[in-house]
J.: 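Below is the structure I would like to discuss, written out as structure tokens.
For the numbers below, each heavy atom of this structure counts, side chains included, while hydrogens, waters and symmetry mates do not. Small disclaimer: the values here were computed from a predicted structure and weren't measured.
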Amino acid sequence: DYGGFPQEAYELQWPAPGHPAVATEVRQRLERAGFATDEDAERGFDHGVFIPLLAAFPAPAVPVVQLSLKRGLDPAEHLSIGRALAPLRDDGVFIVGSGNSFHNLRAFFRERTSAMKAHSEAFDAWLASAIAAPADQRAERLTGWAQAPSARASHPREEHLLPLMVVAGAAEADLGTVAWSGTQAGFRISAHHFG
């Protein structure tokens, strides 16, 4: 589900098992919250799922249930999806949202300018502040993320940011923290954790 990378990127495999019972519970919770669901038992893992999990769990033994983003890419809907799934945390389900605090491929490959690097720093700082806010303020800020400083320079498309909305929704009252922050090609990239 990606292109333009070295050949070895397409040879990576991570055949983790699914978890049908958790998948059923996810669907039921989403449907009770008003979201239509479907499943595709033939689709493989998205690179946003298997690449980070391959790094964290090289042996593909951890059961995984993958969710797709909702058409329309509405941040408020993705926060609501997370809220619907929040009780799964009490059952030991680890809810992971894979993406980047900065995801502008044009910048990574062609525009490594100091201005673009400043955009990554500005948005990253805003995002860290939004994630650390109490749940109601966090939801309001994340819903309006596109108005944040350097938002569209950092995320021309939001699909690599919206998984964070699901996790933030599932976090309920837990405050978020920066779990890791560093740079890639000079651009600021951070990971966030709740609970």
J.: Does the side chain of Gln184 reach to within under 4.5 Å of the side chain of Phe102, using non-hydrogen atoms?
T.: no
J.: Does CD in Gln13 sit with more than 12 non-hydrogen atoms of other residues, nucleotides or ligands closer than 6.0 Å?
T.: no
J.: Are side-chain heavy atoms of Leu69 and Pro163 found at a separation under 4.5 Å?
T.: yes
J.: Has the side chain of Arg157 got a donor or acceptor atom that lies under 3.5 Å from a matching backbone atom of Arg152?
T.: no
J.: Do you know the tightest heavy-atom contact between Pro52 and His47?
T.: CD-O, 3.6 Å
J.: Excluding sequence neighbours, so at least two apart, what forms side-chain contact (heavy atoms from CB on, under 4.5 Å) with Thr24?
T.: Gln28
J.: Indicate the atoms forming the closest heavy-atom contact of Trp14 with Phe57, along with that distance.
T.: NE1-O, 2.9 Å
J.: Give the C-alpha distance, both sets of side-chain angles, the deciding distance and a yes or no for side chain to side chain contact (heavy atoms under 4.5 Å, CB included) between Leu142 and Leu127.
T.: CA-CA 8 Å; Leu142 291 176; Leu127 188 59; 3.9 Å; yes
J.: Can you tell me if Arg188 and Ser181 form a side-chain donor-acceptor pair at under 3.5 Å?
T.: yes
J.: Could you go through the salt bridge (Lys or Arg N to Asp or Glu O under 4.0 Å) check for Glu39 and Arg27 one step at a time?
T.: CA-CA 9 Å; Glu39 63 182 80; Arg27 289 191 69 192; 2.8 Å; yes
J.: Hey, are the side chains of Leu67 and Val26 touching, using non-hydrogen atoms and a 4.5 Å cut-off?
T.: yes
J.: Counting only heavy atoms from other residues, nucleotides and ligands, does the tally under 6.0 Å from CD of Gln7 exceed 12?
T.: yes
J.: Apply the test salt bridge (Lys or Arg N to Asp or Glu O under 4.0 Å) to residues Glu77 and Arg71: give CA-CA distance (whole Å), side-chain angles for both, the deciding distance (0.1 Å), then the verdict.
T.: CA-CA 10 Å; Glu77 286 188 308; Arg71 181 173 286 136; over 6 Å; no
J.: Of all heavy-atom pairs between Phe35 and Ser80, which one has the smallest distance, and what is that distance?
T.: CZ-CB, 3.8 Å
J.: Test salt bridge (Lys or Arg N to Asp or Glu O under 4.0 Å) on Arg29 and Glu25 and set out the steps.
T.: CA-CA 6 Å; Arg29 289 187 175 282; Glu25 179 74 11; 2.8 Å; yes
J.: Quick one: are Leu161 and Trp145 in side-chain contact, heavy atoms under 4.5 Å?
T.: yes
J.: Is there a donor-acceptor pair under 3.5 Å between the side chain of Arg141 and the backbone N or O of Asp136?
T.: no
J.: Is His78 reaching over with its side chain to a backbone N or O of Lys70, donor-acceptor style, under 3.5 angstrom?
T.: yes
J.: Would you indicate whether the side-chain heavy atoms of Phe123 and His155 approach each other to under 4.5 Å?
T.: yes
J.: Which is it for Asp174 and Arg89 under the salt bridge (Lys or Arg N to Asp or Glu O under 4.0 Å) test, yes or no, and what are the steps along the way?
T.: CA-CA 12 Å; Asp174 290 351; Arg89 295 172 66 203; 2.6 Å; yes
J.: If you look at every heavy atom in Lys117 and Ala185, which pair is closest and at what distance?
T.: CE-O, 3.6 Å
J.: When you check the side-chain N and O atoms of Ser68 and Arg43, is any donor under 3.5 Å from an acceptor?
T.: no
J.: Report yes if some heavy atom in the side chain of Trp180 is under 4.5 Å from a heavy atom in the side chain of Ile189; otherwise report no.
T.: yes
J.: Side chains of Phe187 and Asn100, heavy atoms from C-beta outward: is any pair under 4.5 Å?
T.: no
J.: Where is the tightest heavy-atom contact between Pro149 and Trp126, given as atom of each residue plus distance?
T.: CD-CD1, 3.7 Å
J.: Are side-chain heavy atoms of His192 and Thr177 found at a separation under 4.5 Å?
T.: no
J.: Taking CZ in Arg32 as the centre, count heavy atoms belonging to other residues, nucleotides or ligands within less than 6.0 Å. Is the count above 12?
T.: yes
J.: Heavy atoms only: give me the nearest Ala84-Ala33 pair and the separation to one decimal.
T.: CB-CB, 3.7 Å
